[in-house]
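Structure first, then comments.
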Amino acid sequence: WKFILKSLSKFLVICNDKISMRPTFRMISSIFKVCQSNKEKLVYDLLNIINEASILNHSDVLFDPIITSVTSYLNRYPSSLFLTSTLRLLTQILQNSGTFSLNHLQIKQLSSAVRQIEDDGNHDETISALLGLIGLSHSVTTSSMFFIKKPSLITLTFSILRSKAKLEE
């Protein structure tokens with residue numbers, strides 16, 4: 001399957017036609033939907049290919065059709081590694097698109113997954129990634145000041161942090 005993923009990666013990087021991409025994204029979404037937790041390596045590799053392609057292919061709103069499948073998989077099979085890659089993909093898509101935003105279901109799934117993964121408290125890396133999503137930046141720390149460029153994602157942050165003490169940090 002490495003050969004197939006490599007070919008898919010090349011296609012995702014060079015293709016800019018949304019219509020041509022639809023069958024490919026349906027196939028990718030199906031993989032995320034049917035994969036079980038024992039196929040985590042395949043799904044993680046697939047997500048990393050999509051991440052790389054989104055960095056190299058700056059087409060507006062090209063990769064957003066698969067976000068629901070990604071957040072759904074993350075919610076069903078919570079994993080720190082998968083969460084990190086998902087947040088990286090979301091940051092890249094948000095930076096490339098002026099119109100993309102997470103819908104209510106995606107926010108709910110992402111929030112639920114983060115709370116399952118980090119039930120002992122939120123790690124600075126995840127909080128920094130969330131702040132990066134809100135500020136459309138790859139490099140925001142928990143103590144950084146930043147402009148809120150995606151106010152719709154504040155809901156996600158509140159739903160994850162949930163306590164006054166965490167919000168004040």
Side-chain angles (χ1 to χ4, degrees), residues 1-2 5 8-9 12 25 27-55 63-97 100-146 148-169:
W1 51 272
K2 293 283 186 188
L5 291 178
L8 178 63
S9 176
L12 292 175
F25 283 135
M27 183 262 313
I28 291 170
S29 292
S30 295
I31 291 171
F32 282 113
K33 287 177 185 172
V34 300
C35 272
Q36 303 298 314
S37 62
N38 63 341
K39 299 291 183 198
E40 186 175 341
K41 174 79 171 115
L42 169 65
V43 177
Y44 180 71
D45 288 346
L46 184 57
L47 182 59
N48 282 333
I49 285 170
I50 295 165
N51 262 325
E52 290 172 18
S54 71
I55 290 168
F63 295 92
D64 68 333
I66 59 159
I67 295 301
T68 299
S69 299
V70 171
T71 58
S72 176
Y73 181 86
L74 178 64
N75 190 41
R76 283 181 292 146
Y77 306 107
S79 152
S80 294
L81 217 53
F82 201 81
L83 172 63
T84 300
S85 290
T86 300
L87 293 173
R88 195 174 325 123
L89 176 63
L90 291 173
T91 300
Q92 193 60 44
I93 291 172
L94 286 165
Q95 286 181 336
N96 290 345
S97 169
F100 175 75
S101 65
L102 292 172
N103 63 38
H104 178 72
L105 174 64
Q106 293 163 339
I107 288 173
K108 182 178 174 184
Q109 290 172 332
L110 194 54
S111 174
S112 174
V114 170
R115 282 183 272 132
Q116 290 177 62
I117 293 165
E118 300 184 357
D119 59 357
D120 60 340
N122 301 98
H123 296 103
D124 284 348
E125 181 182 332
T126 302
I127 295 170
S128 294
L130 291 171
L131 296 177
L133 286 173
I134 294 169
L136 293 181
S137 173
H138 286 288
S139 58
V140 173
T141 63
T142 55
S143 60
S144 298
M145 293 184 72
F146 60 93
I148 296 173
K149 296 181 180 174
K150 286 290 184 179
S152 61
L153 295 176
I154 292 173
T155 306
L156 173 62
T157 307
F158 287 159
S159 73
I160 292 170
L161 296 179
R162 290 190 166 195
S163 75
K164 182 178 178 182
K166 278 293 181 187
L167 290 170
E168 289 176 346
E169 285 179 18

inquiry  = With rounding to the nearest 0.5 angstrom, report the NZ to CG distance, Lys41 to Leu81.
reply    = 9.5 Å

query = How many angstroms lie between atom CG of Leu46 and atom CE of Met27, to the nearest 0.5 angstrom?
reply = 7.5 Å

[X] to [Y] - nearest heavy-atom pair and separation:
| X | Y | answer |
| --- | --- | --- |
| Pro78 | Ala113 | CB-O, 4.3 Å |
| Tyr44 | Ser85 | CE1-OG, 3.3 Å |
| Ser54 | Asn96 | O-ND2, 3.0 Å |
| Ile107 | Leu156 | O-CD1, 3.7 Å |
| Phe32 | Arg76 | O-NH2, 2.8 Å |

Sub-3.5 Å donor-acceptor pair from the side chain of [X] to the main-chain atoms of [Y], do we have one?
| X | Y | value |
| --- | --- | --- |
| Lys33 | Ser72 | no |
| Thr71 | Ile67 | yes |
| Ser111 | Lys108 | no |
| Ser9 | Leu5 | no |

query = Yes or no on side-chain hydrogen bond (donor to acceptor under 3.5 Å, both in side chains) for Thr84 and Arg88, after CA distance, side-chain angles and deciding distance?
reply = CA-CA 6 Å; Thr84 300; Arg88 195 174 325 123; 5.8 Å; no

request  = Could you please spell out the steps behind the side-chain contact (heavy atoms from CB on, under 4.5 Å) verdict for Glu125 and Leu87?
outcome  = CA-CA 10 Å; Glu125 181 182 332; Leu87 293 173; over 6 Å; no

request  = Carefully, step by step, assess Thr126 and Glu118 under the rule side-chain hydrogen bond (donor to acceptor under 3.5 Å, both in side chains).
outcome  = CA-CA 9 Å; Thr126 302; Glu118 300 184 357; 2.4 Å; yes

inquiry  = With side-chain contact (heavy atoms from CB on, under 4.5 Å) as the criterion, how do Leu83 and Leu110 come out once you've worked through the C-alpha distance, each side chain's angles and the decisive distance to 0.1 Å?
reply    = CA-CA 8 Å; Leu83 172 63; Leu110 194 54; 4.1 Å; yes

query = When you look at Asn103 and Thr68, which way does the side-chain contact (heavy atoms from CB on, under 4.5 Å) test go after all the steps?
reply = CA-CA 9 Å; Asn103 63 38; Thr68 299; 4.1 Å; yes

inquiry  = Going by side chain to side chain contact (heavy atoms under 4.5 Å, CB included), Leu102 matches just one of Thr155, Leu94, Leu153. Which one?
reply    = Leu153

remark   = side chain to side chain contact (heavy atoms under 4.5 Å, CB included) with Ile50: of Leu89, Thr86, Leu8, only one passes, and it is Leu89

request  = Step by step, work out the ring-ring contact (aromatic ring centres under 6.0 Å, His included) result for Phe82 and Tyr77.
outcome  = CA-CA 9 Å; Phe82 201 81; Tyr77 306 107; 9.4 Å; no

message = Is it the case that the side chains of Ser79 and Glu40 hold a donor-acceptor pair, with the cut-off being a distance below 3.5 Å and no angle test?
response = yes

request  = For the residue pair Ser112 and Gln116, confirm or rule out a side-chain donor-acceptor distance under 3.5 Å.
outcome  = yes

task = Starting from the C-alpha separation in whole Å, work towards a yes-or-no answer on side-chain contact (heavy atoms from CB on, under 4.5 Å) for Ile117 and Leu74.
result = CA-CA 10 Å; Ile117 293 165; Leu74 178 64; 4.1 Å; yes

